[in-house]
Amino acid sequence: MAEAITSREQDYSQWYNDLILKGGLADYSAVRGCMVIKPYGFALWENMRDQLDRMFKETGHVNAYFPLFIPKSFLSREAAHVEGFAKECAVVTHYRLKNDPNGGGVVVDPEAKLEEELIVRPTSETIIWNTYKDWIQSYRDLPILVNQWANVVRWEMRTRLFLRTAEFLWQEGHTAHATADEAVIETRKMLDVYAQFAEEWMAVPVIKGVKTANERFAGAVDTYCIEALMQDGKALQAGTSHFLGQNFAKAFDVKFSDKENKLEYVWATSWGVSTRLIGGLVMAHSDDQGLILPPKIAPLQVVIVPIFKNDVEKGMIDNKVAEIIQNLKDLGIRVKYDDQDNVRPGWKFAEYELKGVPVRMAIGPRDLSNNVVEIARRDTKQKQSVTMDGIAFYVQALLDEIQLNIFEKARRYRDEHITRVNTWDEFVETLQNKGGFVSAHWDGTAETEEEIKTKTKATIRCIPLDNEPEEGTCILTGKPSTQRVLFALAY
RNA sequence: CGGGAGGUAGUUCAGCCCGGUAGAAUACCUGGUUUGGGACCAGGGGGUCGCAGGUUCGAAUCCUGUCCUCCCGACCA
């Protein structure tokens, strides 16, 4: 059992690392804080990316690409923005290497210093709004609904595979609008797209909400988010959508003529999700045997394992499997036939459980003579013999059922871990012993939020959008409050 | 960026304290027997001991520096 993974109970962090590494999603690299996304992990990301891309296009967006490098001066145009990112920017200062005169390989050529240093983008608002200035003159040029798929760099001190790496892949949507209303509608629309994607495709239930001033994106007027809950009771911000007001339009002087020929600043949004979603996906569903991937985005949906004693049996199984594979592929199901003969069936079973393949089919001589296959589902580990007649349709329905079951299980867990508390003692006790979201009254001040964070490490994850107004008193200060907010320990 | 731990075969690790030409298990290759939950027998290949200096007749082992990883903390998505 060289592949054994650490149990969640024993060490949750190590369990997570084991799943990523041994499940074949990613590896560490020679570069601090940067990871290698391996083919299996990248296939997962491609499935997520492709679906999100379809959803962006369905909502009227188009893709474009902006430079990796941003002139240093751009970043400082918007005061809050630079404040938010300054501490984690990688800076390009030179453009040439030369041979070390002392024979130590290559060194930076001091003659080749850049006139203006370039920042490796931590996000692209500045370069994009500098560009939009040239694209926008009148209300007829609006809205601009652009997305880009890109990598960004944030020089993190402490990194975790997928959850927080120095370089990561994401998409960033950047839209420009004639009115504040339209921009707010766009912000909310994309939040809905993210929520729908998380729940229907990743099977991760999320809470839609708005961030407090403390947690807001640097440069935004309002930051909306989807928050997910991991199995260790910690929350994970899975996506954000920002109403940027006119902050960037003013910083980059982007104005348009309205219908009355008056010059107005443009209204903006930006929104993004990243490879961090993969970390959330892993922690939301998986178990001590390995990954559990939702069928809709799993790189492989079905693996077929033959069981045979000799070439004759193998040949008979091959023939039957070829037929089944064709039927599955006709339904658009992603299937792999693992007929390696150097590992035995039991090894393969364990391997594909580790990799989270939703459905496994085993076919041996006994099955052939009985016209059945053994079907095992990853989410519940149930095994049963199923007739081969119409097997592809059976599998198709089973994949749907697994997708739903994974989501329902995660939703039950999430719902059981939203605790309403009314006193400070209950609040602390719940955070310590139960975890999850804690719904409590807060007096609305940044100072109180900060003090709660210092005392408990819990932050306000969001003010849920579907909040009911409710009179109450702040759990810390006892001051009046009009609604509950969700606190949690977070990634 | 601070505190702690670690880096030796593809992988997991022993060897280091007390310096003397590098080991186990597993994986891999060959042959055979096997195959319904991580097979067995026999033979075989594989490591500049993270990297760079230093001490020494001699360094995986001692010293210095450096890189990467994990855990905890501060910071952040």
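Below, chain A is the first sequence line, B the second, and so on; all start at residue 1.
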Within the pair Tyr491(A) and C76(B), is there a side-chain N or O less than 4.0 Å away from OP1 or OP2?
no
Under a 4.0 Å heavy-atom cut-off, which of residues 304-314 of chain A touch RNA chain B?
Ile307(A), Phe308(A), Lys309(A)
Sugar-phosphate atoms are those with a prime plus P, OP1 and OP2; base atoms are the rest. Using that split, label each nucleotide of nucleotides 2-8 of chain B B, S or - for protein heavy atoms under 4.0 Å, 5' to 3'.
-------
G36(B) base to Lys383(A) side chain: any donor-acceptor pair below 3.5 Å?
no
When you get a sec, tell me which of A74(B), U35(B), G38(B) is the closest nucleotide to the side chain of Arg344(A)?
U35(B)
Please classify the nucleic acid contact of Phe168(A) as base, sugar-phosphate, or nothing, using heavy-atom distances under 4.0 Å.
base
I need the residues from residues 357-374 of chain A with at least one non-hydrogen atom less than 4.0 Å from RNA chain B; give them sorted by number, or say none.
Arg360(A), Ala362(A), Gly364(A), Pro365(A), Arg366(A), Asp367(A), Glu374(A)
Arg154(A), nearest nucleotide to its side chain (from G38(B), A77(B), A74(B))
A77(B)
Whole-Å distance separating the CD atom of Glu83(A) from the P atom of C76(B)
10 Å
Rounding to the closest angstrom, what is the interatomic distance between C71(B) and A27(B) at atom C1'?
29 Å
Salt bridge flag under 4.0 Å for residues Arg360(A) and Glu353(A)
yes
Side chain of Gln237(A), heavy atoms from C-beta onward: which of G38(B), A74(B), A77(B) has the nearest atom to it?
A77(B)
N/O donor-acceptor pairs under 3.5 Å from side chains in residues 39-46 of chain A, not counting sequence neighbours:
residue	atom	partner	partner atom	Å
Tyr40(A)	OH	Lys355(A)	O	2.6

In terms of side-chain geometry, is the basic nitrogen of Glu351(A) or Lys348(A) positioned less than 4.0 Å from the acidic oxygen of its partner?
no
Within the 4.0 Å heavy-atom criterion, would you say Thr240(A) contacts the bases, only the backbone, or no part of the nucleic acid?
nothing
Which is true for Glu156(A) with a 4.0 Å heavy-atom rule: it touches a base, it touches only sugar-phosphate, or it touches nothing?
base
Can you give me the N/O atom pairs linking the protein to nucleotides 41-47 of chain B at distances under 3.5 Å, or say none if there are none?
none

Under 3.5 Å: donor-acceptor pair, side chain of Ser241(A), backbone of Arg188(A):
no
Taking only the C1' atom of each, what is the distance from C67(B) to G44(B) in whole angstrom?
36 Å
How far, in whole Å, is G65(B) from A25(B) if one measures between their C1' atoms?
35 Å
Anything under 3.5 Å between a donor and an acceptor, one on a side chain of residues 152-164 of chain A, the other on a protein residue two or more places apart or in another chain? List them.
residue	atom	partner	partner atom	Å
Arg154(A)	NE	Pro122(A)	O	2.8
Arg154(A)	NH2	Pro122(A)	O	2.8

Under 4.0 Å between a side-chain N or O of Arg164(A) and OP1 or OP2 of C75(B)?
no
Hey, what's the ring geometry for Phe248(A) with Phe252(A), parallel, tilted or perpendicular (30° and 60° as the breaks)?
parallel
Checking G37(B), C70(B), U69(B) against the side chain of Arg32(A) (C-beta onward), the nearest is U69(B)
Look at the side-chain N and O atoms of Lys348(A) and state whether any lies under 4.0 Å from the OP1 or OP2 oxygen of U35(B).
no
Salt bridge or not between Arg414(A) and Glu227(A)? Use side-chain N to carboxylate O under 4.0 Å.
no
What does Val31(A) touch in the nucleic acid at a heavy-atom separation under 4.0 angstrom: a base, only the sugar-phosphate, or nothing?
sugar-phosphate
Base, sugar-phosphate alone, or nothing: which one does Gly280(A) contact when heavy atoms must sit under 4.0 Å apart?
nothing
Mind checking Thr459(A) for me? I need base, sugar-phosphate or nothing, with any heavy atom below 4.0 Å counting as a touch.
nothing
Can you tell me how far P in G47(B) sits from the matching atom in U8(B), rounded to whole Å?
15 Å
Heavy atoms from C-beta onward define the side chain here; which of G37(B), A77(B), A74(B) lies closest to that of Ala350(A)?
G37(B)
Which nucleotide wins on minimum distance to the side chain of Pro345(A), given the candidates G36(B), G73(B), C75(B)?
G36(B)
Do side-chain atoms of His285(A) reach the backbone of Ala203(A) as a donor and acceptor pair under 3.5 angstrom?
yes
Give me the distance, rounded to whole Å, that separates G54(B) from G73(B) when you measure between the P atoms they each carry.
41 Å
Pick the C1' atom in A74(B) and in G4(B), then give their distance to the nearest Å.
16 Å
Interatomic distance at C1', G19(B) relative to A60(B), whole Å
10 Å
OP1 or OP2 of C71(B) under 4.0 Å from side-chain N/O of Asn17(A)
yes
Considering only atom P, compute the distance from U33(B) to G37(B) and round it to an integer number of Å.
22 Å
Between the side-chain atoms of Glu353(A) and the base atoms of G37(B), is any donor-acceptor pair under 3.5 Å?
yes
